[in-house]
Q: 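Would you mind keeping the following structure in view while I ask a few things?
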Amino acid sequence: MKLFDVYPINNIVIDKAKGSYVWDDKGEQYLDLYGGHAVISIGHTHPHYVERLTNQLNKVGFYSNSVKMPLQDELAEKLGKLSGKPDYQLFLISSGAEANENALKLASFHNGRKKIIAFKKSFHGRTSLAVAATDNPAIVAPVNQTSNVIFLPFNDVAALEACFKEQGNEISSVIIEGIQGVGGINVASESFLQAIRRLCDQYGAVYIADSVQCGYGRSGQFFSHDYAGVNADIYTMAKGMGNGFPVAGIIIAPHLQARHGMLGTTFGGNHLACAAALAVVEVIEKENLLQNAAEVGQYLMDELKKIPQLQNVRGRGLMIGFDVPEQFKDLRKNLLWKHKIFTGEAKPNVIRLLPSLALRKKDADQLLEAIKEEIEVSIEA
């Protein structure tokens, strides 16, 4: 049997990992500024994380949600405290797509409506509703197509107001990434998020803050949406929530009521998943990783802006993007193969940085020196 060919793959076998570094099967060391796609939040193989998972696996690895699991209650309490949303409710699942899928369903159950507002360049996942609300027709199968999703320009308050004025009584929810990831590190303005809150309140719609990639401290605040000073009704989480273990969740405002059978999951909130998520929350808190993400991220952005050949450096915390001119189109490839630095990309010409929230300033300096060297080589050529 062969693997189904769905990803372009670098011919590298990762054999070992620690902190912000990984090693291949030949012993070559790489600086990981991609974090397995924003997944590694507290650093690879953090000792507390390994200990938490090992101890839990030696007790019980899995049982279904048909029994009481104190670990879920412990996670909810700690997550409420760290996120600043202690009065919200937690529903645990296993992936970001599931999180957005359940959030959209829950909103529709709540108000009985069908229409969803999403935005240009959005990415919300690959499951049925999540992919329908994703602005990429290439990954939307015919069976996923629906007339219930309205795509509006990102950061355009006037377009949003006009849409609500015309169809407000039909709109179930507005789903928005606080910082678009796959779309190219596009930051939602504070005024735009405030307008979403105002219009959702006015028309009875549900504000869904997709925090799958831009949440969990990556922006320097727990949710990047928090910069706007308003609360969403539902926050979706995954990626860094388990530091590599598949765990995701939605936190739900108190006015959205649960009933049995409305939502469900087999693997969500299992013993190992909760152990992983608890380890992440505990390390974030103990090691002040939100503050580190804010400080190292700001330093990195400030230094990137001093490199004149890079364009439109943007982001928040340790979620950073910049445009690469055509002259330096091989920069990302050269960073990997010549300098042993993993980074991400967004088409057509964006380099994305999504490292561990524990990234050190000296790690950032390693990237900066490599970029300067590659630009100098390209100019001389």
Side-chain angles (χ1 to χ4, degrees), residues 7-54 181 185 213 216-218 239-240 242-245 276 279-280 283-284 286-289 292-293 295-304 307 310 313 315 317-322 324 328-346 350-378:
Y7 299 116
I9 293 175
N10 293 309
N11 189 22
I12 299 170
V13 177
I14 301 300
D15 195 51
K16 188 177 77 169
K18 189 167 184 63
S20 292
Y21 289 88
V22 297
W23 289 262
D24 67 17
D25 55 353
K26 300 175 183 64
E28 194 79 58
Q29 177 179 292
Y30 297 77
L31 173 61
D32 184 12
L33 299 182
Y34 182 55
H37 203 73
V39 166
I40 301 302
S41 50
I42 60 171
H44 292 283
T45 61
H46 190 288
H48 181 65
Y49 176 81
V50 173
E51 182 182 22
R52 260 284 199 176
L53 279 166
T54 303
I185 314 296
Q213 191 171 134
Y216 247 79
R218 180 152 294 283
K239 298 295 185 189
N243 200 50
F245 195 96
V280 168
V283 171
I284 286 175
K286 184 178 180 181
E287 299 185 5
N288 297 315
L289 294 189
N292 187 74
E295 291 177 356
V296 176
Q298 190 60 58
Y299 167 76
L300 187 48
M301 274 193 285
D302 288 345
E303 294 302 309
L304 287 167
I307 303 173
L310 304 182
V313 177
L318 286 170
M319 188 169 182
I320 299 170
F322 54 87
V324 179
F328 310 109
K329 59 183 172 55
D330 292 331
L331 177 59
R332 180 172 175 266
K333 180 176 70 175
N334 290 339
L335 286 173
L336 177 59
W337 295 111
K338 292 171 61 176
H339 298 272
K340 310 301 181 187
I341 300 174
F342 277 101
T343 60
E345 68 175 341
V350 179
I351 287 181
R352 290 190 291 157
L353 306 177
L354 303 162
S356 158
L357 307 185
L359 187 77
R360 300 168 300 179
K361 183 173 172 286
K362 74 173 190 176
D363 301 324
D365 286 336
Q366 184 179 336
L367 170 71
L368 293 165
E369 289 305 312
I371 290 175
K372 291 172 186 175
E373 182 180 324
E374 280 307 308
I375 288 175
E376 188 176 331
V377 168
S378 294

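These numbers come from the heavy atoms of this one structure, side chains and all, not from hydrogens, waters or symmetry mates.
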Q: Taking the six-membered ring of Tyr299, is NZ or CZ of Lys361 closer than 6.0 Å to its centre and within 45° of its axis?
A: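 That pair qualifies as a cation-pi contact.
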Q: For Asn288, check side-chain contact (heavy atoms from CB on, under 4.5 Å) against everything at least two apart and list the hits.
A: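 With neighbours one apart ignored, the set is Gln291.
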Q: Is Lys338 atom NZ crowded by more than 12 heavy atoms from other residues, nucleotides or ligands, each under 6.0 Å away?
A: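 Yes, enclosed.
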Q: Please test Asp330 against Lys333 for salt bridge (charged side-chain N to carboxylate O under 4.0 Å, His left out), starting from the C-alpha separation and ending with a verdict.
A: CA-CA 5 Å; Asp330 292 331; Lys333 180 176 70 175; 3.8 Å; yes
Q: What residues, two or more places apart in sequence or in another chain, satisfy side chain to side chain donor-acceptor pair (under 3.5 Å) together with Tyr21?
A: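 Expected list: Asp363, Gln366.
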Q: Please confirm whether the backbone N or O of Glu28 pairs with a side-chain atom of Asp24, one donor and one acceptor, at under 3.5 Å?
A: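 A pair under 3.5 Å: yes.
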Q: List the residues meeting salt bridge (charged side-chain N to carboxylate O under 4.0 Å, His left out) with Lys16, not counting sequence neighbours, and say none if there are none.
A: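 Salt bridge (charged side-chain N to carboxylate O under 4.0 Å, His left out) list for Lys16, sorted by chain: empty.
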Q: Holding to side-chain contact (heavy atoms from CB on, under 4.5 Å), I want the full list of residues that pass it with Ile40, two or more places apart in sequence or in another chain.
A: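 Ile40 satisfies side-chain contact (heavy atoms from CB on, under 4.5 Å) with His44, Asn243, Ser356 only.
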Q: Please set out all donor-acceptor pairs under 3.5 angstrom arising from side-chain atoms of residues 339-346, sequence neighbours excluded.
A:
from: His339; atom 1: NE2; to: Glu374; atom 2: OE2; distance (Å): 2.8
from: Lys340; atom 1: NZ; to: Trp337; atom 2: O; distance (Å): 3.4

Q: Can you check side-chain contact (heavy atoms from CB on, under 4.5 Å) on Tyr34 and Leu336, steps first, answer last?
A: CA-CA 11 Å; Tyr34 182 55; Leu336 177 59; over 6 Å; no
Q: Cut-off 3.5 Å, side chains only: do His48 and Glu287 have a donor facing an acceptor?
A: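 Judged by distance alone, the side chains do not pair up.
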Q: Check whether any side-chain N or O of Arg218 sits under 3.5 Å from a backbone N or O of Leu357 as a donor-acceptor pair, and report yes or no.
A: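 Side chain of Arg218 to backbone of Leu357, a donor-acceptor pair under 3.5 Å: no, none is there.
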Q: I'd like to check the side-chain contact (heavy atoms from CB on, under 4.5 Å) partners of Asp25; sequence neighbours left out, ordered by chain and number.
A: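 Val13, Asp15.
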Q: What's the spacing between Leu353 CG and Leu318 CG if we round to 0.5 Å?
A: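 Leu353 CG to Leu318 CG: 8.5 Å, rounded to 0.5 Å.
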Q: Run the numbers on Asp32 and Ser20 for side-chain contact (heavy atoms from CB on, under 4.5 Å), then give the verdict.
A: CA-CA 5 Å; Asp32 184 12; Ser20 292; 5.6 Å; no
